[in-house]
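Data first, discussion second: the structure below is written as structure tokens.
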Protein chains: 2
Amino acid sequence: MDDILRALGHLALGSRLKRLGEQLQADTQHLLDELDPLLPSGQHPFLAALDRLGPLTVGDLAQALGVSQPGVTRTVVRLVERGLVETGPGPDDQRQKIVALSAAGRELVEAAKAELWPRIDAAVAELCAGLDGPLLAQLAAIEDRLAAAPLHRRARSKERAR
Amino acid sequence: MDDILRALGHLALGSRLKRLGEQLQADTQHLLDELDPLLPSGQHPFLAALDRLGPLTVGDLAQALGVSQPGVTRTVVRLVERGLVETGPGPDDQRQKIVALSAAGRELVEAAKAELWPRIDAAVAELCAGLDGPLLAQLAAIEDRLAAAPLHRRARSKERAR
DNA sequence: GGCAATAACATAACACGTTATATAACTTGT
DNA sequence: ACAAGTTATATAACGTGTTATGTTATTGCC
């Protein structure tokens, strides 16, 4: 059974990028499972943004992440429920909601920055290493590599190599 | 406000691929809006698969598209509601559900194959044309190009060039 | 033949993306 | 100063992906 998205070439590039991104996130999740407050991989960029840029309004967070404002609003609610971020009203503008890392959120980010995120970055970099040429070919190569050895296996073998 | 996903490099590649795939699908949607039974861009690969491979079981469709079986089951329900596909029991195995294009579905596919799909393919190919080198750099280039001129503008300028 | 294991599809619950629209706060112009 | 327009966030409705689990049909073995 051949892969239809691959066979469709440029026509289905959108669907294919989405599919590959989802697989990458799912693989990454296995590595992120080591963290204490378990967090979906898709929410890590929110924490990373707040860590790098400091407290942000909902709108600024949406712009930094490149997603819609309602998407940010909903995920922020989840992060507040998990106790990883805190929100408060804007100092000048009462319409704004300022989102900031909580103590627990900062702790999680520090733990991730120290160990996990660098390992994931290295594993993904290794996954993409040596690739060159047309985009479709590189995507096919990454799909094949991922099918041969999932990301968490790559990260662990990297570990052993140290 | 800089782009956090871009700044995170390989670490957020999954999120970034998903985001770009979604944008590509959304842009593509504008072009697909010409079709009569309006269909979300993500459902086109289902029709393309059935067109290329003929009637398929739910499981085979899942494998051909590289998505989960429940995902296929749900989208097939939607396609049946729109009258684009029909389902029947498997001839040998009563557990199976065979999915096939309906007359309306075949009509839609023929219309799309004749005009729209080639135009989209060409527009996406043009979007990726001339790119080379590391994956992250190509992604950044595509994001930039898309921000400069959305896909449907590219398709239309191609049209004019004929 | 009949019970247990397997396999195919359905369903539920969750995460997450979108667009369209509502609500509330700020800004503007007269 | 107040009505009108704009802007920030919230909410609703939809599509789609996932995993976990339930149902039903088939297989296999004794």
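Order of the sequence lines sets the chain letters (A, B, ...), proteins ahead of strands, with each chain counted from 1. Note that this is a predicted model, so its numbers are computed, not measured.
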For DNA chain C, which nucleotides open and close the run of contacts to chain A, 5' to 3', at under 4.0 angstrom from a non-hydrogen atom?
C/dA15 to C/dC26
Please identify which of these residues, A/Val109, A/Leu116, A/Ile120, A/Leu35, meets the side chain to side chain contact (heavy atoms under 4.5 Å, CB included) condition with A/His44.
A/Leu35
Are the side chains of B/Ile98 and B/Pro91 in touch, meaning some heavy atoms are under 4.5 Å apart?
yes
Between D/dC14 (P) and B/Gln43 (CD): distance, integer Å:
14 Å
Keeping the roles fixed (side chain from A/Gln29, backbone from A/Leu39), state whether a donor-acceptor pair exists under 3.5 Å.
yes
Keeping A/Arg95 on the side-chain end and A/Gly90 on the backbone end, is there a donor-acceptor pair under 3.5 Å?
no
Here the distance between atom P of D/dG15 and atom NZ of A/Lys18, to the nearest Å, is 13 Å
Between A/Gly42 and B/Thr57, which residue's closest nucleotide on DNA chain C lies nearer the 5′ terminus?
B/Thr57
Beyond-backbone contact of B/His10 with A/Leu127, side-chain heavy atoms, under 4.5 angstrom
no
Give the intermediate values and the outcome of side-chain contact (heavy atoms from CB on, under 4.5 Å) for residues B/Asp121 and A/Leu8.
CA-CA 9 Å; B/Asp121 189 90; A/Leu8 290 175; over 6 Å; no
Expected output: side-chain B/Gln138 to main-chain A/Gly133 donor-acceptor under 3.5 Å:
yes
Can you sort out which residues in residues 69-78 of chain A have a heavy atom within less than 4.0 Å of DNA chain C? Ascending by number, please.
A/Pro70, A/Gly71, A/Arg74, A/Arg78
Checking the side chain of A/Thr87 only, and the main-chain atoms of A/Lys97 only, is there a donor and an acceptor separated by less than 3.5 Å?
no
Do any N or O atoms from the side chain of A/Arg154 and from the backbone of A/Ala122 form a donor-acceptor pair under 3.5 angstrom?
no
What is the distance, rounded to the nearest whole Å, between atom CD of B/Gln29 and atom C1' of D/dT16?
13 Å
When rounded to whole Å, the CD to C1' distance for the pair B/Gln96 and D/dT23 reads 16 Å
Write down the distance between NE2 (B/His44) and P (D/dT16), rounded to a whole number of angstrom.
10 Å
Rounding to an integer number of Å, can you tell me how far B/Leu65 CG sits from D/dT16 P?
12 Å
A/Arg19/A/Asp3 ion pair, N-O < 4.0 Å
yes
Heavy-atom count check: over 12 atoms from other residues, nucleotides or ligands less than 6.0 Å from B/Glu110 CD?
yes
All N/O contacts under 3.5 Å from nucleotides 24-26 of chain D to the protein, with atom names and distances to one decimal?
unit_1, atom_1, unit_2, atom_2, d
D/dA25, N3, B/Arg95, NH1, 3.4
D/dT26, OP1, B/Gln94, N, 2.8

Separation of D/dT16 atom C1' from A/Glu22 atom CD, nearest Å, is 8 Å
Please report, rounded to the nearest Å, how far the P atom of D/dG15 is from the CG atom of B/Leu32.
16 Å
